[in-house]
Amino acid sequence: MTPINSEPKISFQNVTRRFGQSSNAFLALDRLNLDIADGEFVTVVGPSGCGKSTAMNIAAGLTDVSDGRVLVDGKPVNGPGPERGVIFQQYALFPWLTVRENVEFGLRIKGLPSAARKTIADRFIDLVGLKDFADALPKTLSGGMKQRCAIARAYAANPTILLMDEPFGALDALTRVNMQDQLLDTWSRERRTVVFITHDVDEAVYLANRVIVMASRPGRLHKIIPVDLPYPRTEEIRLSPEFAEIRNQVWYAVYHQNSQAKSTS
Ligand code: ADP
């Protein structure tokens with residue numbers, strides 16, 4: 001997809017994060033520079049501990065930087081904001097609220113009247129395929145359905161950016177593939193900017209315009225791999241030699257770091 005707007009939607013500028021006290025400080029993220037275009041879908045991969053979640057939490061406004069800054073629409077991030085929806089691996093649904101009440105939650109906080117809340121909630125519940133479960137409580141839903149409910153809730157709040165940290169990590173393989181297709185379908189209709197962390201190289205390539213590969217010790221940007229495959233992504237694309245070629249590039253970029261580290265340690 002061609003970016004619509006030339007100003008980056010999200011701009012990481014020399015973003016550095018240390019944890020701990022000065023002499024023992026641990027460098028979790030070292031001068032991350034990265035621009036993400038409006039409407040872009042980027043996935044982020046890399047070995048465990050390379051700072052993926054730290055970078056996302058900084059963009060979400062949930063973690064401070066030690067140095068550098070993140071701009072969203074040209075403005076520095078100083079905390080969470082309604083234009084950024086965050087989805088974690090653990091679906092944080094309120095167990096005592098139904099699917100519809102969960103999806104309406106943010107809208108209620110914004111003070112929307114009941115009829116408007118219902119219209120918006122129904123639209124997104126429908127979009128994620130939970131129409132028949134709108135009045136169900138989370139405990140009666142499967143993991144995939146709970147996560148779809150969390151996605152509907154994030155979408156209903158109308159963020160222009162979705163920050164997703166291994167959102168499908170806990171799902172079985174088949175549900176995961178369905179969720180990927182559903183997310184892409186939603187993205188192509190709604191055109192949010194998506195930053196999606198995953199451990200799964202196939203998932204990273206299948207979803208993205210670009211795959212951001214990070215490296216560890218210290219956490220840093222390693223490589224950016226463009227995915228020049230058309231949307232909609234289909235099973236045919238997933239099984240194509242072009243897909244395999246890009247997946248192999250990403251795989252090498254992620255796992256070669258480890259073998260280099262091992263061979264020199
Ligand atoms: P990833 O998401 O790539 O697995 P994280 O961003 O979670 O990596 O973590 C990067 C590094 O920073 C890890 O070594 C982790 O242990 C460390 N780290 C993350 N959060 C904290 C924290 N609150 N206090 C201390 N160290 C942390």
Side-chain angles (χ1 to χ4, degrees), residues 10-36 41-72 77-80 84-92 147 150-151 154 161-171 176 179-180 183 193-208 210-225 247 249-262 264-265:
I10 310 173
S11 182
F12 290 85
Q13 301 185 345
N14 277 314
V15 173
T16 297
R17 173 68 210 212
R18 284 178 285 273
F19 288 108
Q21 298 307 314
S22 50
S23 59
N24 292 323
F26 176 78
L27 191 52
L29 202 55
D30 187 17
R31 288 164 294 164
L32 175 64
N33 284 293
L34 176 68
D35 283 348
I36 298 169
F41 199 132
V42 300
T43 49
V44 185
V45 294
S48 211
C50 67
K52 302 182 291 295
S53 297
T54 301
M56 183 164 286
N57 287 336
I58 289 171
L62 301 171
T63 299
D64 290 333
V65 293
S66 304
D67 284 306
R69 60 182 190 165
V70 177
L71 304 181
V72 168
V77 166
N78 292 316
R84 279 160 288 145
V86 186
I87 300 172
F88 297 104
Q89 181 172 345
Q90 297 305 331
Y91 5 87
Q147 193 58 309
I151 290 171
I161 296 171
L162 279 174
L163 302 170
M164 308 178 80
D165 193 347
E166 295 200 53
F168 305 154
L171 306 179
R176 194 168 180 145
M179 293 291 292
Q180 291 165 1
L183 176 63
T193 305
V194 184
V195 183
F196 185 110
I197 296 177
T198 178
H199 269 111
D200 182 325
V201 170
D202 277 67
E203 179 170 79
V205 174
Y206 188 66
L207 295 173
R210 288 188 298 162
V211 181
I212 313 301
V213 183
M214 294 183 59
S216 51
R217 293 163 194 276
R220 63 196 186 279
L221 180 63
H222 178 58
K223 211 165 190 181
I224 297 178
I225 299 178
R247 185 192 51 212
Q249 272 183 48
V250 175
W251 185 270
Y252 187 83
V254 174
Y255 292 101
H256 194 61
Q257 299 168 7
N258 288 347
S259 55
Q260 272 180 331
K262 272 183 199 135
T264 53
S265 61

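Both counts, for ligands and for their atoms, begin at 1 and track the order of listing. Just so it is clear, the model here is predicted, and its values are computed rather than measured.
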### Task
With heavy atoms of Ser48 as the reference, note each atom of ligand 1 found under 4.0 Å away.
4 (O)
### Message
With a 3.5 Å distance limit and no angle check, can you tell me whether Lys223 reaches the backbone of Val254 through a side-chain donor-acceptor pair?
### Response
no
### Query
Would you say atom 9 (O) of ligand 1 has a protein heavy atom nearer than 4.0 Å?
yes
### Task
Go through ligand 1 atom by atom and flag the ones less than 4.0 Å from a non-hydrogen atom of Thr54.
5 (P), 6 (O), 9 (O), 10 (C)
### Query
Which protein non-hydrogen atom lies closest to atom 11 (C) of ligand 1, naming both residue and atom, and how far is it?
Phe26 CE2, 3.6 Å
### Message
With a sphere of 6.0 Å drawn around CZ of Arg220, does it hold more than 12 non-hydrogen atoms of other residues, nucleotides or ligands?
### Response
yes
### Task
List every atom of ligand 1 that sits less than 4.0 Å from any heavy atom of Lys52, numbering the atoms from 1 in the order shown and giving each element.
1 (P), 2 (O), 3 (O), 4 (O), 6 (O), 8 (O)
### Query
Side chains of Val201 and Tyr255: closer than 4.5 Å at any heavy-atom pair?
yes
### Rounded distance [0.5 Å steps], OG in Ser66 versus CG in Asn14
12.5 Å
### Query
Are there protein heavy-atom neighbours of atom 15 (C) of ligand 1 below 4.0 Å?
no
#### Entry: Distance in Å, Arg247 CZ paired with Asp200 CG, rounded so as to fall on 0.5 Å steps
10.0 Å
#### Entry: Flag, side chain of Gln147 to backbone of Phe88, donor-acceptor distance under 3.5 Å
yes
## Note on the structure
Looking only at protein heavy atoms, what sits closest to atom 7 (O) of ligand 1 is Ser53 CB, 3.7 Å
### Query
What class does the angle between the rings of Phe41 and Phe196 fall in, given that below 30° is parallel, 30 to 60° is tilted and above 60° is perpendicular?
tilted
### Message
If we ignore hydrogens and angles and just use 3.5 Å, is the side chain of Arg84 paired with the main-chain N or O of Ile161 as donor and acceptor?
### Response
no
### Close approach, Gly219 and ligand 1, non-hydrogen under 4.0 angstrom
no
### Query
Judged by non-hydrogen atoms, does Gly46 sit under 4.0 Å from ligand 1?
no
### Message
What I want to know is whether Phe19 and ligand 1 share at least one N or O pair that is separated by under 3.5 angstrom.
### Response
no
### Message
Using modelled atom types and a 3.5 Å cut-off, is there a donor and acceptor pairing between side-chain atoms of Arg31 and backbone atoms of Thr16?
### Response
no
## Note on the structure
So the atoms of ligand 1 within less than 4.0 Å of a heavy atom of Cys50 turn out to be 1 (P), 3 (O), 8 (O)
## Note on the structure
Quick note on ligand 1: atoms under 4.0 Å from a heavy atom of Ala28 include exactly 11 (C), 12 (O)
### Task
Starting from atom 4 (O) of ligand 1, find the nearest protein heavy-atom neighbour and note its residue, name and distance.
Gly49 N, 2.7 Å
